[in-house]
Each structure stands twice: as structure tokens, then as C-alpha cells.
2 protein chains.
Amino acid sequence: MTKTASEQMIDICDKDEKTVVFVRDMFGRLGEKWSMRTLDELADGPVRFTALMCALPGISHRVLTVTLRTLESDGLVSRTSYPETPPRVEYELTALGESFLGRVLSLVAWAQDNQAEVESNRELFRA
Amino acid sequence: MTKTASEQMIDICDKDEKTVVFVRDMFGRLGEKWSMRTLDELADGPVRFTALMCALPGISHRVLTVTLRTLESDGLVSRTSYPETPPRVEYELTALGESFLGRVLSLVAWAQDNQAEVESNRELFRA
DNA sequence: CGGTATCCAAAAGGATACTG
DNA sequence: CAGTATCCTTTTGGATACCG
């Protein structure tokens, strides 16, 4: 028999602090304002910096840079710079990034399925 | 045939802004410093406020309150207050909360499976 | 005991000017 | 074009004192 959610979670949270911190870091990545939407924009293949700016209306120049650097340092995204003038830089998902994005979809599906219930709870709670 | 990750993600991000914001909100819940660990502590049944404080070393009084109120307003956690002296308050997962916690485990498993690779990428990147 | 109110520090995010 | 540097605002988290 498979473990209950609770048992699995205990497995995780009883591991060394390093793993606990790491798991929360990856959760944090999900929660960052632009990370998931950036990964999504990269899902279909390489995209240039400026194209990402356009695809993510509202993001600032600096924050897109920070977001991409973070995803890159995690190994979820790769950066390729072509030494032309004007310069051209393309970002794309790595295999690790695709794998990560894939897992996230089950959570996205949950959010969609339960949006109405969560929002009605929030309504009730406010009242 | 099932949709690719990219196609599913596009489905989501092309929906109305309300849903996009909602999905990011739920991602944000994952990223909050104590939310997931709090849900985990509640996985085995009702727990009192003070017991949660002990189970989550480092959390402040105020932040635990805020975390619980947020989870409660989402409908993931329920709060039951027993009118005794001294007062006793118990928190527990709702069905929605259990469902949410369950989905999160696939992501936790991913994080564990790929921790070494991500961390080695971070090392390389720093250098 | 289980909070709320107040105050503070740190981090995230945004606007914008400058540069190779 | 694709950044970096600087400055500012908002949000998050933490410490602590007080209260029913």
C-alpha cells in the first residue's frame, strides 16, 4: 500500500534541515511573481530577452533579468548569447526545466478545479 | 492524445486575468515561509496553537497567526475554539486542505529527486 | 492560552538612467 | 539589444508588549 500524504510529508520534513530548506526554496520559486509565467513563455522553444518583455506585460527590465538569472542558476533555463551587433540572447528550458514545469501542471490543474471553492471560502471568511 | 505541458500551460495563461492571478496566488501560498510546514503539522489531525508553535521552531507568534488565518480563509484549514478556561483552539485540515497537500507531494518528490542536480547547477553558476 | 497591536528589519518588486 | 546600477516602495517576516 502506498503511504498516506501525511506519512510522505513526514518523511520529507524529518530529513536534514538542508533538504527542508531546499524544498521550501523550490516552493518559493513557484511563488515568485514572474517565474512560472516566464517558464511558460519558454515552453515552446528559445525566446529572446525582448520577446519575453513583451510576452510578460508589466514586468520590469530589472526583474526579468533577476528572474532569468535565478532560473538559470537552478538549471531550469539556459542562456545562449550570440556575439552579433546588435547582440542577441536566447533563453530556453533545459530538460530539468521541462521536467519541473511538467510537475507543476498537476498543481495548476488543482488550482483551476478548486478556484471557485477557495474563492467562495474567502468571501465567507471576509464576512 | 494528451496535451503537452506547453499546451496545457497555454490553456491556463490564456484564461481571464482572474484565473491567472488566482493560480499565482496558490503558488504564492506554497512559497510562503511557513504555510506548507504548517499544513504538514496538521496532516495527522487537530493540533492546538501552542503545539504548532513548538512544532515549528523559529516561527513567531504573529506569523503563525497570519499563516493560519490565510490558510483558513482559503478553506484549507479549519479553526475550532472551545470556550473553556484557559481557552483551547484546534486547527485541522479540511477536505480541501488534504486534497491540496496531496497534490503538493508530487512536487516535493520532484524537489527531492532533483536536489543534487539543482544544487550542483547553483555551484557551477556561482563560479 | 490564544491571540491582537505596534514597531522594526529584510527582501521582493518596480522605475529609470546609463552602457558595451 | 540586453543588460547593470541606483534608488525607491511594498510586502513579508520577526520581536515584543499587551489583552480577554
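Note that this is a predicted model, so its numbers are computed, not measured. Quick note on labels: first sequence line is chain A, next is B, and so on, each numbered from 1. We use all heavy atoms of the structure for the numbers below, so side chains are in, but hydrogens, waters and symmetry mates are not.
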Taking only N and O in the side chain of [X], is any of them less than 4.0 Å away from OP1 or OP2 of [N]?
{"X": "B/Arg79", "N": "C/dG3", "value": "yes"}
{"X": "A/Lys33", "N": "C/dG14", "value": "yes"}
{"X": "A/Arg48", "N": "D/dC1", "value": "no"}
{"X": "A/Ser60", "N": "C/dG13", "value": "no"}

Candidates D/dA2, C/dG13, C/dC1 - which lies nearest the side chain of A/Val63:
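Nearest nucleotide to the side chain: C/dG13.
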
Check: A/Leu101 and A/Met36 side chains under 4.5 Å, non-hydrogen atoms:
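Counting from C-beta outward, A/Met36 and A/Leu101 do come under 4.5 Å.
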
With sugar-phosphate meaning primed atoms plus P, OP1 and OP2, does [X] contact a base, only sugar-phosphate, or nothing at under 4.0 Å between heavy atoms?
{"X": "B/Tyr91", "value": "sugar-phosphate"}
{"X": "B/Thr65", "value": "base"}
{"X": "B/Arg62", "value": "base"}
{"X": "B/Glu84", "value": "nothing"}

Both A/Trp34 and A/Pro87 contact DNA chain C. Which one's nearest nucleotide lies toward the 5' end?
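Counting from the 5' end, the first nearest nucleotide belongs to A/Trp34.
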
Taking atom [atom2] of [N] as reference, at what distance in whole Å does atom [atom1] of [X] sit?
{"X": "A/Phe27", "N": "C/dA12", "atom1": "CZ", "atom2": "P", "answer": "18 Å"}
{"X": "B/Met53", "N": "D/dT16", "atom1": "CE", "atom2": "P", "answer": "12 Å"}
{"X": "A/Leu64", "N": "D/dT4", "atom1": "CG", "atom2": "P", "answer": "11 Å"}
{"X": "B/His61", "N": "C/dG3", "atom1": "NE2", "atom2": "P", "answer": "7 Å"}
{"X": "B/Arg88", "N": "D/dG20", "atom1": "CZ", "atom2": "C1'", "answer": "18 Å"}
{"X": "B/Leu68", "N": "C/dT4", "atom1": "CG", "atom2": "P", "answer": "10 Å"}
{"X": "A/Glu32", "N": "C/dG14", "atom1": "CD", "atom2": "P", "answer": "12 Å"}
{"X": "A/Leu52", "N": "D/dA2", "atom1": "CG", "atom2": "C1'", "answer": "12 Å"}

Verify whether one side chain among B/Thr19 and A/Gln112 offers a donor that lies under 3.5 Å from an acceptor in the other.
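The criterion, which ignores hydrogens and geometry beyond distance, is not satisfied for A/Gln112 and B/Thr19.
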
Will you find, in the side chains of A/Thr67 and A/Glu32, an N or O donor that is under 3.5 Å from an N or O acceptor?
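No pair is found: no donor N or O on one side chain lies under 3.5 Å from an acceptor on the other.
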
Is it the case that one hydrophobic cluster holds both B/Leu64 and B/Leu30, taking links as side-chain heavy atoms less than 4.5 Å apart, direct or via other members?
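Shared cluster, yes.
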
A/Arg69 bridged to A/Asp74 by N-O distance under 4.0 Å:
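Not counted as a salt bridge, because no side-chain N and carboxylate O are separated by less than 4.0 Å.
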
